[in-house]
**Student:** 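Got a structure here, written out as structure tokens. Questions coming.
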Amino acid sequence: MQEYRINKLFVKKFWILNYLSRRSLLRNMCSYTPARLAYQIFEAKEGADYKLAPVILQHGVIASKETWGDIPQVLADKSKRKVYTVDNRNHGDSEWSDSFAFHELSEDLLLFLKSRGIPKCVFIGHSMGGASGIRAALKKPHMFEMVFIEDSYVRSPSQRTFDFIKEFIKLTEEIVAEIPHHFSDDDAHKFIKERMEQRMPGGNTGIVTRKSKIVLPFAVKKKSDGGFVLKANVKRILSSISPFDDPGPEDLYDGPSYFMYGSNSPFKINEDEDHIKKHFRNAKLIPFEGAGHYIHLGFPEELTKVILEHLSEPQKK
């Protein structure tokens with residue numbers, strides 16, 4: 001009788017866990033509505049090698065495909081691979097959606113690969129874009145030849161981290177709205193830099209100056225009335241970003257994976273090395289001394305060099 005009760009309890013517990021797991025999976029699947037993603041293609045000036053897996057780059061929150069600067073063209077020229085920069089939903093020129101969740105971003109990425117006839121890619125993602133690629137690679141590892149993740153966790157960031165991100169977005173939106181309407185783009189960038197440094201004293205704004213030009217870590221556009229606005233669906237993003245489910249123990253990626261982090265980044269990715277390697281078992285962590293959260297802006301040549309070196313390494317069949 002006792003053995004029967006134990007077995008009955010085990011079966012009941014197993015059924016409940018299985019039901020909850022299937023219900024969660026079904027809810028995610030049912031709630032997913034694809035969004036049209038805008039993208040730009042870069043090819044080697046001397047011709048691409050179409051036998052090589054293309055490179056996909058995805059940006060961070062309130063950024064866009066343009067914020068990668070010269071990196072996509074350099075990668076295309078030197079690797080001979082076709083390169084795509086892709087705007088996430090509710091960002092840049094991609095479709096704005098009432099829904100914005102991390103499982104949707106990864107599904108958008110997988111659908112983009114399928115729609116473009118890309119059976120396998122090299123993925124490069126910064127922050128939010130990195131989180132999207134991480135989840136996509138864990139779902140469909142055979143579609144990723146290798147992954148490069150810039151300053152992003154495998155686990156969900158904490159609520160405190162998301163609160164910090166939201167405050168940064170709100171502050172950025174306020175400053176952009178204050179730009180005088182008669183300003184040129186260059187004047188607007190200078191205005192943003194000055195105001196951000198005033199309101200974030202000692203903080204890492206991510207704004208850099210390269211070749212006498214101010215480079216922003218987010219995308220800004222001029223409106224028809226002359227004002228400026230962030231090139232993102234800020235209202236939906238702010239209302240949606242929050243901690244999400246961590247990958248399960250069965251979610252594994254065994255391909256080459258490189259987690260690049262800035263030594264001065266507030267996110268301290270290196271402290272999460274053990275957890276990263278539970279899911280990306282061949283992960284290598286690569287520090288960039290003196291870099292903050294936006295390595296691709298502050299250290300573009302160094303980041304590109306690291307990526308190209310690993311792209312040129314012979315891959316195991």
**Student:** Using only heavy-atom distances, determine whether the side chains of Ser158 and Thr161 contain a donor-acceptor pair under 3.5 Å.
**Tutor:**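 Present: a donor and an acceptor within the cut-off.
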**Student:** Mark yes when over 12 heavy atoms from residues, nucleotides or ligands other than Lys222 sit less than 6.0 Å from its NZ; otherwise mark no.
**Tutor:**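 Enclosed.
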**Student:** Count the heavy atoms belonging to other residues, nucleotides or ligands that lie under 6.0 Å from CD of Glu46, then report whether that count exceeds 12.
**Tutor:**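 Atom CD in Glu46 is not packed in, count stays at 12 or less.
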**Student:** Tell me whether Ser106 contacts the main-chain N or O of Arg135 through its side chain, where contact means a donor paired with an acceptor under 3.5 Å.
**Tutor:**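 Looks like no, no N/O pair under 3.5 Å.
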**Student:** So with a 6.0 Å cut-off around CG of Asp98, is the heavy-atom count from everything else above 12?
**Tutor:**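 Result for CG/Asp98: open.
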**Student:** Within the supplied structure, the quantity of interest is the number of heavy atoms (other residues, nucleotides, ligands) at a distance under 6.0 Å from Lys223 NZ; does it exceed 12?
**Tutor:**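 Buried by this count: over 12 neighbours within 6.0 Å.
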**Student:** Taking atom types as modelled, is there a side-chain donor on Ser94 or Arg89 under 3.5 Å from an acceptor on the other?
**Tutor:**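 There is no such pair between these side chains.
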**Student:** Could you check whether Asp93 pairs with Lys65 (Lys NZ or Arg NE/NH1/NH2 to Asp/Glu carboxylate O, under 4.0 Å)?
**Tutor:**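 Result for this pair is yes, salt bridge flagged.
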**Student:** Applying ring-ring contact (aromatic ring centres under 6.0 Å, His included) to Phe112 and Tyr39, what does each step give before you reach the verdict?
**Tutor:** CA-CA 10 Å; Phe112 175 80; Tyr39 62 93; 5.3 Å; yes
**Student:** Can Thr209 and Val215 be said to form a side-chain contact (heavy atoms from CB on, under 4.5 Å), step by step?
**Tutor:** CA-CA 6 Å; Thr209 303; Val215 182; over 6 Å; no
**Student:** What I want to find out is whether Lys170 reaches Glu167 closely enough, with some N-O distance under 4.0 Å, to be called a salt bridge.
**Tutor:**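 A salt bridge is present here (some side-chain N lies under 4.0 Å from a carboxylate O).
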**Student:** Flag the pair Lys140 and Glu107 as a salt bridge only when some basic side-chain nitrogen lies within less than 4.0 angstrom of an acidic carboxylate oxygen.
**Tutor:**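 Looking at Glu107 together with Lys140, the answer is no, because their closest N to O distance does not fall below 4.0 Å.
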**Student:** Phe259 and side-chain contact (heavy atoms from CB on, under 4.5 Å): which partner among Val154, Asn270, Ile286?
**Tutor:**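 The single option meeting the side-chain contact (heavy atoms from CB on, under 4.5 Å) with Phe259 is Val154.
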**Student:** Ignoring hydrogens and geometry beyond distance, is a side-chain donor-acceptor pair present between His279 and Asp251 at under 3.5 Å?
**Tutor:**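 Checked: His279/Asp251 side chains show no N/O donor-acceptor pair below 3.5 Å.
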**Student:** Are Arg155 and Asp272 ion-paired here, with the side-chain N under 4.0 Å from a carboxylate O?
**Tutor:**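 Yes, Arg155 and Asp272 are salt-bridged.
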**Student:** Should we count CZ of Arg199 as having more than 12 external heavy atoms under 6.0 Å?
**Tutor:**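 Atom CZ in Arg199 is crowded, with more than 12 foreign heavy atoms closer than 6.0 Å.
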**Student:** Decide yes or no on side-chain contact (heavy atoms from CB on, under 4.5 Å) for Leu230 and Val220, but give the supporting numbers first.
**Tutor:** CA-CA 4 Å; Leu230 285 172; Val220 176; 4.2 Å; yes
**Student:** More than 12 heavy atoms of other residues, nucleotides or ligands under 6.0 Å from NZ of Lys80: is that the case?
**Tutor:**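 Yes, because the 6.0 Å sphere around NZ of Lys80 holds more than 12 heavy atoms from other groups.
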**Student:** Do the side-chain N and O atoms of Glu150 and Ser127 include a donor-acceptor pair separated by under 3.5 angstrom?
**Tutor:**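 No, because no side-chain N or O of Glu150 sits under 3.5 Å from a partner of the opposite role on Ser127.
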**Student:** Could you check whether atom NZ of Lys139 has more than 12 heavy atoms from other residues, nucleotides or ligands sitting under 6.0 Å from it?
**Tutor:**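 Count over threshold, so yes.
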**Student:** In a check of ring-ring contact (aromatic ring centres under 6.0 Å, His included) between His91 and each of Phe218, Phe100, Trp96, which one passes?
**Tutor:**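 Only match with His91 under ring-ring contact (aromatic ring centres under 6.0 Å, His included): Phe100.
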**Student:** With sequence neighbours excluded, give me every ring pair (Phe, Tyr, Trp, His ring centres under 6.0 Å) pair touching residues 138-177.
**Tutor:**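 Qualifying pairs: Phe148-Tyr258.
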